[in-house]
Amino acid sequence: MKFFSGDLRGVARLLFFGTTERLETTPTFQDPKGTNKPFNPHYQRHILPFVREFESKRIVALQKHTVRLRISAFLFLAMGTLFFLLSTGAFPEFDAHMQILKMKFQEMNVKTEGDPLLFLIVTSFSLLFFWTFRPVMNYNKAVKDNIYPNIFSFFGSDFSYKAESPLSVDSLEKSDIIPGHDDETSEDYIKGRHADVGIEMFETKLTETSGSGKNRRTTTVFRGLFILLDMNKNFSGKTIVVKDWGKIGNWMNGVGRKLEVVRLEDPKFEDMFEVYSSDQVEARYLLTTSFMERLIGVRDLIGSDRIQCSFYDNKILLMVSLSSDRFEVSSIYRPTTFIDECKGILAEMDAIFALIDHLKLNQKIGL
Amino acid sequence: MSITTLVILGLIVAVPYFWYVSIIGRRNKALEALSSIDVQLKQRLDLIPNILKIAKKFMEHEKGLMEEITSLRTRAESAYNKNDKQAVVEHIAAAEQLSAKMGQLMVSVENYPTLKSDQTMVQAMQTYNEVEAQIAAARRFYNAAVNELNNAVQIFPGSVIAQMAHVTEMPFFKAEEAVHEPVDAGKFLG
């Protein structure tokens, strides 16, 4: 969960003036013109009753946050000044103590990144930053736990939302499209049905750690959405559609796979994707010429050009790479209306529903 | 004999051999694909009597069409030699003719509302459509495999090796001619 929305203006206003914008009037949700199913009645009934309560919670959280922000700012300046003076040799006798500390770290087998003082300061700043934004995190979590389910109920009684995902990426290993990773952070789990198609999705970030000691690096191997949908065809094997990495990349990607390469007729599809399957006929049964065209069109719907999918267990798993977090709570430094959250969720779910309609997953046809 | 000579001799033997292996592999893949189609065609053949039985109760005016379908079904059921190009062509032609006639029957069903809403007919048609989708997929796999085989057999020096190994081209699974003709809407709308 993001704990800092990037609202630097809000932070500065709080830090220097101790003030924030407050909710003055009762908010209303403006549905766009021509909306088939207006959201405003749902907002009035299920979201608005909580606005005042959460506005009070927001103010309390900001009060705590302000105190911590000011303490942190002071400590940051003090420690920064001290470190600057020490590093310029203003206190030579301090260097001797640092050498002793370094030896102590080595005895305790604690690996430090270079200078132990720098290590201490970086660690302290990290803890301070976390402590400062803890009230914001708690507020955001409360919004996700209490308000988001009410927003998602707009899509139907069978829609549910959980801030922490009960589904993990490990449960999807069978799909054969999960990239290798060491760590996973999953959130925003959504489950429901649209046009009689079951949907399960969650947001995740996968990271990989390489090297050791000073060369230890953590890289993000994937960030985006996993969307699991009911497939409208029965099949028993597995077919995966992954990004085309060129001849050598594809060859390397195919090493160790128990699936065969499937060459399909659509040249544009073949340029973008590489298909592997346990059954050549079944792969073509699933990836008809029109379905291939639709899959290419998914890029425009989702706003991502990195999509991979896997057909297994009568489901289709879509792996959509995104550059930013979705389903996030808006800035705590602005009045609580939940309108931005509602708009964001409506837009995201519209894209998902458009995806299901576009792929015609709700229709039992041979196309 | 020097190492260079041995390597060259080895290549002279190995390259044609692996080329031959590749051609045989592609031919076997095409035969495997043809078998996949036959599995689906068999499923379709098994469905047809049930569909005709249901349709007969309602479609008295389509007797001629149903008799044609029955006769085509018998022809499509007969065994054939997969290694005989002409036999494969005739087998594919029979399957496509049957597909075309069944297509006509499905369109005719639209003129009989009682039949169209009959639950057993609805289910039979859904199953038939599923099988048609499988046949379409199997046909695409077959054509892809035949394309690879034919390329290997026609392009020199593969053509020489194929001739020596008695491996010939195989026919594509082409759509029935009627499918390529423009649709006359007047025929359907009256």
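Hydrogens, waters and symmetry mates are skipped; everything else that's a heavy atom, side chains included, is used. Chain naming here is simple, since letters A, B, ... match the order of the sequence lines and numbering starts at 1 in each.
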Would you please say whether a donor-acceptor pair under 3.5 Å links the side chains of [X] and [Y]?
| X | Y | result |
| --- | --- | --- |
| A/S277 | A/D279 | no |
| B/T5 | B/S2 | yes |
| A/D244 | A/N250 | yes |

I'd like to know if the side chain of A/S310 reaches the main chain of A/S175, judged simply by a donor and an acceptor atom lying under 3.5 Å from each other, with no hydrogens or angles considered. yes
Using atom types as modelled and distance alone, determine if a side-chain donor or acceptor of A/H194 lies under 3.5 Å from a backbone N or O of A/G192. no
So for A/L287, is it side chain, backbone, both, or neither that comes closer than 4.5 Å to the heavy atoms of chain B? backbone
Check: A/F152 ring centre within less than 6.0 Å of A/Y161 ring centre: yes
Applying a heavy-atom distance below 4.5 Å, give me the residues of [range] that approach chain A, sorted by number.
| range | answer |
| --- | --- |
| residues 140-168 of chain B | B/R140, B/F141, B/A144 |
| residues 26-41 of chain B | B/K29, B/S36 |
| residues 81-91 of chain B | none |

Does a side-chain N-to-carboxylate-O contact under 4.0 Å join A/R193 and A/D196? yes
Between the side chains of A/D188 and A/R326, is the shortest nitrogen-to-carboxylate-oxygen separation below 4.0 Å, so that they form an ion pair? no
So, is the end of the A/K37 side chain (NZ or CZ) under 6.0 Å from the ring centre of A/F154 and within 45° of the ring's axis? yes
Could A/K360 and A/F291 be counted as a cation-pi pair, given that NZ or CZ must be under 6.0 Å from the ring centre and within 45° of the axis? no
Sort B/E132 into side chain, backbone, both or neither according to what part of it lies under 4.5 angstrom from a heavy atom of chain A. neither
By the salt bridge (charged side-chain N to carboxylate O under 4.0 Å, His left out) test, which pairs, at least two apart or in different chains, include something from residues 68-81 of chain B? B/E68-B/K101, B/R73-B/E77
Which residue is it: B/K42, B/R44, B/Q43? I am looking for the one with a side-chain hydrogen bond (donor to acceptor under 3.5 Å, both in side chains) to B/D46. B/K42
What do the steps show when you test A/K247 against A/E274 for salt bridge (Lys or Arg N to Asp or Glu O under 4.0 Å), and what is the final call? CA-CA 10 Å; A/K247 276 200 162 48; A/E274 188 77 348; over 6 Å; no
Heavy-atom closest pair, residues A/F202 and A/S186: CE1-OG, 3.6 Å
